[in-house]
Amino acid sequence: MTNKWVNALHDDAAQVHAIGPCVTMGDLNGDGDVKLIVADMGINRINMRLRIFKGVGVVGESVLAEVPGAVCCFHNEQTTVPSVAIASGHSLLIYKNLKPFYKFTVPGSKVNPIEEEAWQKAGAGEISVNQLNTVLSNLKQEVLLRNLTSTSQTFLLASEDDRVALVHRYGQKTLQNTCSITCLTAIKKNTADVSPIDVLVIGTERGVVHAIDSQAFTVVLTCQLPSTPAFLCTHGVFDVDFRIFVATRDGQIFTVKRDQARVDKPTITMKADILAITKLNKMLAVACVDNTLTFFTFKGKRQNQIKLHSPIRGLEPFSYAPRQYTGVLVALDHQVRIYNDMFQLDQLRVDPKIRWIKYGPFGREEGGLIIGTTEGGIIVKLFRRLAKLDEKIEINQQVAAHNIKLSIPRKTRVFVDQAMREREAGIQMHQAYQRDLFMLKYLTTKTFYEMTRSSLNTVAISGDSKEAVDISVEIHGFGPSFRLTVNLNNSSKSPIDEAVISFIYDSSMYRFQHSMINIAYVVPGRSYSYFTGVTCLHPEKGTNSEVRALLCKKDRSNPLVTSIITMPISEMSLLD
């Protein structure tokens, strides 16, 4: 027996009849006292209840009308008191303070016309039960069994005597193509510091994943998968960036991201059916019916696989924040083990046979492990505050040669990826390069022509290299009076004489102290600065306009260079 866990509570007569997805934990009163929430399935669908446990004692109950399939604790208000969502059939039952609050029905799909017509004729006696069975069997081969209505699915799976009763009962009724919920979880809508609001995520029998706004109870995301979801695992926040990992019944895991309406290619494909899936840091831990626990990256790359000696009964993420411990809790028939991706960290022995486990804050404690037994009992164990997980038992010590991870340099990986990309899309890359090169030459030539024609550049462009002048303009002041400085730099080999700086402006908005500045001589390689005062005539309007500074010569019709100045918005005079 390990000494890292404290035996807190134990009740063999709790009479809890539930599966792992129907058990969760939550602070229902917002007082920091976390309680156990169980959607009890009862015995043979009798005495189905939503039960709240404080320790191992029941402190609240609410009757359930339908068989629960999953339960989730979530926040849909800006308060510390959460609500409880129960997946039951094709509905999502929302409870607040153990009282029914809202019922959300999964959007249905249109009934197949052939199926609807066959049931109408069977109800009217136009076709026999055997003929109806033939029509539905042929239709099942075309559209798959899961796309038929629940009435047709029940009919095809029933015996001959029950089929006659089903025709008499539903033959005259209108068919409804509702869809049952198979799994349920929640994801934060924003970061925890901004808002505690959650978004509910459900998977349906027809392979559809819905994200539901927990405040308005409207569908905000719908994604179609090729198989039926069985388990859900979320990462990130819904409004920023998120991933929903969906484990299906055929042993595949799909990744649903933002703005994806359909996902056809799985991220991970397992060799056996999946029992449970959970997240460990930035990896996925997947438990399968072949007694294996496999760790994958989010992109589907396998990191490690553990072969266990007995069937896996449950999988839970393990974290203990005070000592920064993380791992995965794996429940076997009579053991609970803690693993990370490479080592076994702890092993706990339990005498009763385990049916499910749940881990998280419980009561006032940080780490509580709740174990449900096959006889309906509850065992509560608490992780010791001073416990250390320093002892590590290495697993899979002899690694096969083909599973050894080679240390490939980063530059080599980039080179190999680029070479593969060029090999697969060489023609497209060459065409894109030629097109972009042509457009670059075209735009460069076009811009050069426009600059030459309009002289709107800051460097004079002329066929004569003797007239190359750099001009820059600086504006000082907040208004209504400004000081405008024009800096000239003759970058040619010959001097420039008999030039003038002229300003073109809106006379109704500005007044210049010197609208023209005569320049006697500009020596090559020297910088010259010229100043003039500018006054904004109407600063109360809060507007501005452009001013053009032109460097002209007396023997030329076009300016040597032109600079466009965007005047700042003038402040009001403090002296008025």
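For this chain, numbers begin at 1 and follow the sequence in order.
For the residue pair His90/Ser180, the side-chain donor-acceptor check at 3.5 Å is not satisfied. Donor-acceptor pairing under 3.5 Å is lacking for the side chains of Lys353 and His334.
Remark: Arg163 qualifies as a cation-pi partner of Phe155 under the 6.0 Å distance and 45° angle criteria applied to the six-membered ring. Under the 6.0 Å distance and 45° angle rule, Lys189 does not count as a cation-pi partner of Phe238.
A tilted orientation is assigned to the rings of Phe318 and Tyr359, their planes being inclined by 30° to 60°. Classification of the Phe245-Phe298 ring pair by plane angle, with boundaries at 30° and 60°, yields tilted. Ring planes of Phe383 and Trp5: perpendicular class, angle over 60° (limits at 30 and 60°).
Of the listed residues (Leu136, Asn130, Val129), just one forms a side-chain contact (heavy atoms from CB on, under 4.5 Å) with Leu132, and that residue is Leu136.
Taking the salt bridge (charged side-chain N to carboxylate O under 4.0 Å, His left out) definition, one finds that Asp273 meets it with nothing, sequence neighbours left out.
Closest non-hydrogen pair, Pro226 versus Phe254, comes out as CG-CZ, 3.5 Å.
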Take Thr373 and Trp356, measure what side chain to side chain donor-acceptor pair (under 3.5 Å) needs, and give me the verdict at the end. CA-CA 7 Å; Thr373 66; Trp356 52 263; over 6 Å; no

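Looking at Ile37 and Cys73, their side chains come closer than 4.5 Å, going by heavy atoms from C-beta outward.
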